[in-house]
Trainee: 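Dropping the structure in here first, questions after.
Just the heavy atoms: all of them, side chains too, but no hydrogens, waters or symmetry mates, feed the values below. Both ligands and their constituent atoms are indexed starting at 1 by order of listing. Residue numbers run from 1 in the order of the sequence given.
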Amino acid sequence: MANPSLLILPGDGIGPEVMEQVKRVIAWFGDNRGMQFDVSEDLVGGAAYDAHGTPLHDDTMAKALEVDAVLLGAVGGPKYDDLDFSVKPERGLLRLRKEMDLFSNLRPAQCFDALADFSSLKKDVVAGLDIMIVRELTSGVYFGEPRGIFEEGNERVGINTQRYTESEIDRVARSAFELARRRNNKVCSMEKANVMESGILWREVVQKVHDEDYPDVELSHMYADNGAMQLVRAPKQFDVILTDNLFGDILSDCAAMLTGSLGMLPSASLGAPAANGRPKALYEPVHGSAPDITGQGKANPIACVLSFAMALRYSFDQGAEATRLENAIEAVLAGGARTADLMGAEGGRPISTTEMGDAILAALDESL
Ligand code: IPM
Ligand code: MG
């Protein structure tokens, strides 16, 4: 059987630096666990724009549709701020999500014990936190038509459209319920059914999918603004949060910060299963390209490495190996290794991106 295939798109800013460490981890699994991947690499975002004048070349798009999983670093940077909207680095990422039809975006927010002091919230509010946000990723106001900036009388009007079909809500709801069954069996769905018709439909469809096919899962509904408040007040009440594209964008940043560092959080964007049973999938850290620290060896590679752990679990059915990698990272943190973003009041010398990679590989060796 052919090796599973991975397309690596390091992208911009700290993307290439953190991805270097992921490549070492991938090689480790090849050398030590007999898991060989066919790895190819290409450009996305500003890097692709610089080379080809587009943030995602058609050939790269075609490759992404062929491989078993895509690993992406980060896109964007101040250098590209003045580009036309249609060729901004972010458009490359949005095109991948849309054309791969990655409708279900999994964003875990997990608070590592060693970092609980790091959260801006009190330790007891976040210690042991383990929630999963399921964000709809291919529809809603990000893609709805009409959109644009138009002339209206003697002024301009900016328009975006929040639009959801029943089937779009149905499929992402199913993915949240399936996930909940493998966790603590609770889903809280968030929308604004008090002001938006799309929210009313969202609530109805989620409830229907639940009642028909997932009655064993505990389901609740919450307005998204209250959800934001509850996330900061008492985040441990949640298990799986199901929400739309825009609310999910905002709520996941909020949840991420609870854990102490954006540099720690991975994500998976999944589509429907392909013929070989594997879902179309793209894995990426939640953090951005961090232009302020690019090229200084300061970036924390953990979020990107944990994204590869998610690939092992969700694309390659290697849950035990994913856990091995997650435990290695937990051990590294418990041992006191800290990149600059994780330096708190305790002080000390931060380690570099590469040193964090060294520590993770050493912990993996220990795990054998
Ligand atoms: C995210 C990012 C993206 C989004 C940007 C980079 C297009 O904020 O993945 O959360 O808004 O979805
Ligand atoms: Mg975001």
Trainee: Flag Arg97 as yes when one of its N or O atoms lies below 3.5 Å from any N or O atom of ligand 1, and as no otherwise.
Mentor: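 Checking ligand 1 against Arg97, an N or O pair does fall under 3.5 Å apart.
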
Trainee: Strictly distance-based, threshold 3.5 Å: is any side-chain N or O of Arg183 a donor or acceptor partner for the main-chain N or O of Asp130?
Mentor: yes

Trainee: Do any N or O atoms from the side chain of Glu321 and from the backbone of Gln318 form a donor-acceptor pair under 3.5 angstrom?
Mentor: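 No, because the side chain of Glu321 does not come within donor-acceptor range (under 3.5 Å) of the backbone of Gln318.
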
Trainee: Take every heavy atom of Arg107, measure it against each atom of ligand 1, and state whether any distance is under 4.0 Å.
Mentor: yes

Trainee: Under the 6.0 Å and 45° cation-pi test, does Arg147 pair with Phe85?
Mentor: no

Trainee: Heavy atoms only: which of Leu246, Asp249, Val286 is nearest to atom 10 (O) of ligand 1?
Mentor: Asp249

Trainee: Ignoring hydrogens and geometry, is there a side-chain-to-backbone donor-acceptor pair from Lys98 to Thr138 under 3.5 Å?
Mentor: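 Present.
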
Trainee: Is there any N or O on Tyr142 that sits under 3.5 Å from an N or O of ligand 1?
Mentor: yes

Trainee: Where does Arg135 meet ligand 1, judged by heavy-atom distances below 4.0 Å: at the side chain, the backbone, both, or neither?
Mentor: side chain

Trainee: Do the rings of Tyr164 and Trp202 sit parallel, tilted or perpendicular, given the 30° and 60° boundaries?
Mentor: perpendicular

Trainee: I'd like to know if the side chain of Thr161 reaches the main chain of Pro146, judged simply by a donor and an acceptor atom lying under 3.5 Å from each other, with no hydrogens or angles considered.
Mentor: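 Yes, the answer is positive, given that a donor and an acceptor are paired below the 3.5 Å cut-off.
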
Trainee: Report the nearest protein non-hydrogen atom to atom 6 (C) of ligand 1: residue, atom name, distance rounded to 0.1 Å.
Mentor: Glu90 CG, 3.7 Å

Trainee: Can you name the N, O or S atom of Asp249 that is closest to the Mg ion (ligand 2)?
Mentor: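 Considering only N, O and S atoms, Asp249 comes nearest to the Mg ion (ligand 2) through OD1.
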
